[in-house]
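Reviewing the structure listed below.
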There are 2 protein chains.
Amino acid sequence: MNVIDQSGILGIATRLQRLSDRLRKDGLLIYKDHDIDFEPKWFPVIYSLHVKPLLSVVELAHEIGYTHPSTISLLKELEEQNLIRSVKDTADERRRLVQLTHKGSALIERMKPVWEIMITAFTALVDTKNNLMQAIIEVEEQLEKQSFLQRARATADL
Amino acid sequence: MNVIDQSGILGIATRLQRLSDRLRKDGLLIYKDHDIDFEPKWFPVIYSLHVKPLLSVVELAHEIGYTHPSTISLLKELEEQNLIRSVKDTADERRRLVQLTHKGSALIERMKPVWEIMITAFTALVDTKNNLMQAIIEVEEQLEKQSFLQRARATADL
DNA sequence: TAAATCTACGTAGTTAACTACATAAATGCA
DNA sequence: TGCATTTATGTAGTTAACTACGTAGATTTA
């Protein structure tokens, strides 16, 4: 695992994916330590609904930064867990409005101190010379200015 | 897409995955610009075999930093493209040794100048205040010292 | 040297995201 | 007001990685 890292174009995503897998697995265990049955991937949805109690599917998708089909499948799982429920928007029949159940709200209260712990641990983890979150944001900004393709074409034209 | 970013524990992987998807898609087009039919995900395998011409499946997997099943599926595709071929190791019948075909080697020569272009473009892209590659390496180092789980437990015990 | 263990490879099935497409309701406009 | 367009949701299928498990050959050890 050395040859590629030097040229480095690929493999970042795989590494980040693994990193995230590890964090998710540990996240699950941290919840377990506190007798909570909760999958880390549900966090964005649950947290969004905690802050904004009534959202449509697409609003929620936008809020958590996923596509709507991904969001729908998360919602399906959360509905099975009785953590959320949904109702038709009477003003716009296409829209399905999602909200926390009582069980969902109660769970959040139990999770809050655990979130504090996770945030502390996570912050320490990424608090290195080059900040991972910042780095991603910066690269996204760079890409917005000019895509990889455009950059390559510009380079080729030199 | 704001609520979550602040607490930020999750979502990094998704963002990196998308980033990588974009790079891969653009990568494909950059090759196309130069009349080359090559999928960016094949790069690690091909490049490794360019540098180390004869490798077993597991050696190769280790070289590119993937699991061996992932590697096998890449090899299957590359074999279909006639870019690589494999032979049994006569000394150890379990091992399958992989190498570039003539077509594979020839393609590499055509790709080399394109790689130069990509490396230049990519380097510019990630050359921001917080270096993405470095950030990932640093977090991996942090995790090696102490896992997320251990950190959370230590935090909880305070 | 036979049995137990280890190693290499392969297959099957899972996961968590995605894109593409379909349908129904709402909106805009001629 | 009726048709065209847009928007919201849902479904199906894809992708690129993974883990778990099985088998066959090689190695170690009692």
Side-chain angles (χ1 to χ4, degrees), chain A residues 1 4 10-28 39-45 54-80 84 86-98 136, chain B residues 1 4 10-28 39-45 54-80 84 86-98 136:
Chain A
M1 172 108 106
I4 302 315
L10 272 173
I12 328 168
T14 307
R15 283 164 78 173
L16 246 287
Q17 190 186 309
R18 273 190 208 149
L19 212 160
S20 135
D21 280 353
R22 268 157 106 184
L23 294 185
R24 258 197 256 244
K25 262 172 212 159
D26 277 9
L28 193 71
E39 295 200 24
K41 67 173 166 174
W42 296 336
F43 172 78
V45 171
L54 194 64
L55 291 168
S56 76
V57 173
V58 168
E59 280 166 353
L60 188 51
H62 184 251
E63 200 70 25
I64 67 180
Y66 286 13
T67 57
H68 83 268
S70 305
T71 306
I72 287 171
S73 89
L74 288 174
L75 290 175
K76 210 167 276 173
E77 292 178 27
L78 286 165
E79 213 143 21
E80 278 165 22
I84 61 149
S86 47
V87 286
K88 269 234 166 327
D89 183 343
T90 48
D92 182 343
E93 292 270 305
R94 293 168 307 174
R95 284 157 54 94
R96 174 183 147 203
L97 299 173
V98 183
I136 293 172
Chain B
M1 171 102 113
I4 302 316
L10 271 174
I12 329 167
T14 307
R15 284 163 79 174
L16 246 285
Q17 189 186 307
R18 274 189 205 149
L19 212 161
S20 136
D21 280 353
R22 268 157 106 184
L23 294 185
R24 256 195 258 246
K25 264 173 209 155
D26 277 10
L28 193 71
E39 295 200 25
K41 67 173 166 174
W42 295 336
F43 172 78
V45 170
L54 193 64
L55 291 169
S56 77
V57 173
V58 168
E59 280 167 354
L60 189 50
H62 185 250
E63 201 69 26
I64 67 179
Y66 286 13
T67 58
H68 83 268
S70 307
T71 306
I72 287 171
S73 89
L74 288 173
L75 290 175
K76 210 168 275 173
E77 292 178 30
L78 286 165
E79 212 142 22
E80 277 164 23
I84 60 149
S86 46
V87 286
K88 267 234 166 327
D89 182 343
T90 48
D92 182 342
E93 292 269 304
R94 293 168 308 174
R95 283 156 54 95
R96 175 182 148 205
L97 300 173
V98 183
I136 294 173

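Letters go in sequence order (proteins before strands), and every chain restarts at 1. Just so it is clear, the values below take in all heavy atoms, side chains as well, and ignore hydrogens, waters and symmetry mates.
When heavy atoms are screened at a 4.0 angstrom cut-off, A/A91 is found touching the sugar-phosphate backbone but no base atom. Residue contacts for B/K76: at a heavy-atom cut-off of 4.0 Å it reaches the sugar-phosphate backbone alone, with no base atom in range.
With sequence neighbours excluded, no residue forms a side-chain hydrogen bond (donor to acceptor under 3.5 Å, both in side chains) with B/E39. Judged as a side-chain contact (heavy atoms from CB on, under 4.5 Å), and not counting sequence neighbours, the contacts of B/D89 are B/A91, B/D92, B/R95, B/L97. Not counting sequence neighbours, A/E93 has no partner by the salt bridge (charged side-chain N to carboxylate O under 4.0 Å, His left out) test. Residues satisfying the salt bridge (charged side-chain N to carboxylate O under 4.0 Å, His left out) criterion with A/R96, sequence neighbours excluded, are A/E79. A/S73 is linked by a side-chain contact (heavy atoms from CB on, under 4.5 Å) to nothing, counting only residues two or more places apart in sequence or in another chain.
Counting heavy atoms from C-beta outward, A/I72 and A/H68 have side chains that approach closer than 4.5 Å.
In this structure, the CZ atom of A/R96 is 16 Å from the C1' atom of C/dT23, given to the nearest Å.
Considering A/L60, A/L74, A/V45 in turn, A/L74 is the only one that fulfils the side-chain contact (heavy atoms from CB on, under 4.5 Å) rule with A/Y66. Tested against A/V98 for a side-chain contact (heavy atoms from CB on, under 4.5 Å), the candidates A/L54, A/T71, A/L75, A/L78 yield a single pass: A/L75.
Along DNA chain C, the nucleotide closest to A/E93 and the one closest to A/E77 are compared, and the more 5′ of them pairs with A/E77.
If you take CG on A/D21 and CG on A/D26, they are separated by 11.0 Å, rounding to the nearest 0.5 Å.
Close approach of DNA chain D to chain A, defined as any atom under 4.0 Å from a non-hydrogen atom of the protein, starts and stops at D/dT7 to D/dC18.
In the helix from C/dT1-D/dA30 to C/dA30-D/dT1, the terminal helix axes, each the rotation mapping four pairs' C1' atoms onto the next four within five end pairs, subtend 10°, rounded to 10°.
Scanning residues 67-75 of chain B for heavy-atom distances under 4.0 Å to DNA chain C yields B/H68, B/P69, B/I72.
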B/S/- contact track for nucleotides 1-7 of chain C, protein heavy atom under 4.0 Å: ------B
